[in-house]
Amino acid sequence: MTSPPVGSDQGGSTAERHRLPCARCGTPADGPPPVTWTCSVENGVRQYFCDACSRENLRAIEGRLDSAWW
C-alpha cells in the first residue's frame, strides 16, 4: 500500500474530515453524524440533517418516499 501524496485532500485530522454541518440549520456534528440525524441523497449529493430539523420536517421527508418504503 502506498501513502497518499503530500498535500492531497486526504490529509488533515480525522475530526476535520468528519465534521459535517446540518444541511438546513448548519448545526455541526462532532465526528460522524449521530444516528439520530437523517441522511438524504438529493441530486446525487449526500446531505445530513440534525435531529431537530428532521423532526420539524418529518411530513415533508415522508411525503417524498414511495409507498413501498412505508
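This one's a predicted model, so the numbers in the text were calculated from it and none came from an experiment.
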Side-chain atoms of residues 42-51: list all donor-acceptor pairs with protein atoms under 3.5 Å, sequence neighbours left out, distances to 0.1 Å.
unit_1, atom_1, unit_2, atom_2, d
Glu42, OE2, Ser40, OG, 2.9
Glu42, OE2, Arg64, NH1, 3.4

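- The structure places CD1 of Ile61 at 10.5 Å from CD of Glu56, a figure rounded to the nearest 0.5 Å.
- Nearest heavy atom pair, residue Gly26 against residue Pro21, reads O-CB, 3.8 Å.
- Between Trp37 and Cys22, some side-chain heavy-atom pair lies under the 4.5 Å cut-off.
- Considering OG1 of Thr27 and CG of Leu20, their distance stands at 12.5 Å, rounded to 0.5 Å.
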